[in-house]
*Asks:* 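Dumping the structure here so I can ask a few things about it.
Below, all heavy atoms of this structure are taken into account, side chains as well, without hydrogens, waters or symmetry copies. Numbering of ligands and ligand atoms starts at 1, following listing order.
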Amino acid sequence: MAGPTHHKERTLTNIAILGSGRVGGVLAAKLADSGHQVTIGSRNAADISATWAGTPVAVADTATAAESATVIVNATPGDSSLERLSALRSALAGKILIDVSNATERGPDGMPGNLRYPNDSLAEHLQAALPDTAVVKTLNTMIFTVMADPRGLKIPPTAFLSGNDGAAKDTVTLLLADLGWPAEWIQDLGDVTTARGPEAVMLLVPALLRRHGMIPFSLTIAH
Ligand SMILES: NC(=O)c1ccc[n+]([C@@H]2O[C@H](COP(=O)([O-])OP(=O)(O)OC[C@H]3O[C@@H](n4cnc5c(N)ncnc54)[C@H](OP(=O)(O)O)[C@@H]3O)[C@@H](O)[C@H]2O)c1
């Protein structure tokens, strides 16, 4: 497994964020602020370069970004992620893939609808398609602003981890710390099959969005 480089006392990582939308933007900005080398991988690198000009975040096409990084974040639509990431199999080999996406069919009102993988999970399909990559599911159970500002909620939120590779989950835990997550708010659920629970949380989301709009919220485990 390609590891992060150690820089002074801090561990700095070469990270590619695939997708320049709401999630990709928030994660890229905060991880770059923390000193990591961050490249957004986009279908339209030329178009979005101006948005990130003057910031520490680099922009490249999707394949170039994936090839250059040791940790890759999937922040693209979950219903088509399997095809997109399977095509990057060699670029992702020996690396960590952090999957924060949600795979739902879009409902007629534009809201997330039924689960794309109702009997298992996207994370499991990604792990099966990418056997040389350590897939870690996390952060999909909250609105994007919470991912990089967990202390902004009144009640501590939970970040779940699901994945087969313990060392990869340790690396993701360090990155979560840089996003503002204390260790006690992180729940390692176990292997990649445990992503079924967090992915199914999407069944709650349309009703919450209809009721509250896109306010910051997150699943949390009270204990
Ligand atoms: N929004 C949230 O609060 C939230 C919370 C938890 C999880 N998620 C999940 O995180 C992922 C990203 O969500 P988001 O809200 O950031 O979505 P978004 O604003 O729509 O951004 C998705 C990005 O994915 C890239 N992309 C690549 N292939 C695409 C395609 N075929 N169609 C559309 N976009 C494509 C695009 O970036 P380029 O044009 O640069 O390629 C696009 O900007 C989704 O899987 C979502 O379910 C979202």
*Asks:* Looking at residues at least two apart in the chain, or sitting in another chain, which of them share a salt bridge (Lys or Arg N to Asp or Glu O under 4.0 Å) with Glu67?
*Replies:*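 None.
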*Asks:* Return the protein residues near ligand 1 (heavy atom under 4.0 Å from any of its atoms), ordered by chain and residue number.
*Replies:*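 Residue list for ligand 1: Gly19, Ser20, Gly21, Arg22, Val23, Ser42, Arg43, Asn44, Ala75, Thr76, Pro77, Gly78, Arg84, Val100, Ser101, Asn102, Asn140, Met142, Ile143, Phe144, Met147.
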*Asks:* In a table with atom names and distances, give each donor-acceptor pair under 3.5 Å that connects a side chain of residues 15-32 to protein atoms at least two apart or in another chain.
*Replies:*
residue	atom	partner	partner atom	Å
Lys30	NZ	Ala148	O	2.8
Lys30	NZ	Leu179	O	3.3

*Asks:* Give a yes or no answer on whether the side chain of Ser162 reaches the backbone of Lys137 with a donor-acceptor pair at less than 3.5 Å.
*Replies:*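 Not at all, since once roles are kept as given, no pair shorter than 3.5 Å links the two residues.
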*Asks:* Quick check: are there more than 12 heavy atoms from other residues, nucleotides or ligands sitting under 6.0 Å from CD of Glu124?
*Replies:*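 Atom CD in Glu124 is packed in, count exceeds 12.
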*Asks:* What pairs of donor and acceptor atoms, side-chain ones from residues 212-223 against any protein atom, are under 3.5 angstrom apart with sequence neighbours left out?
*Replies:*
residue	atom	partner	partner atom	Å
Thr220	OG1	Pro156	O	2.5
Thr220	OG1	Thr158	OG1	3.3

*Asks:* Measure the spacing between OG1 of Thr173 and CG of Asp178 and express it to the nearest 0.5 Å.
*Replies:*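 It is 11.5 Å, given to the nearest 0.5 Å.
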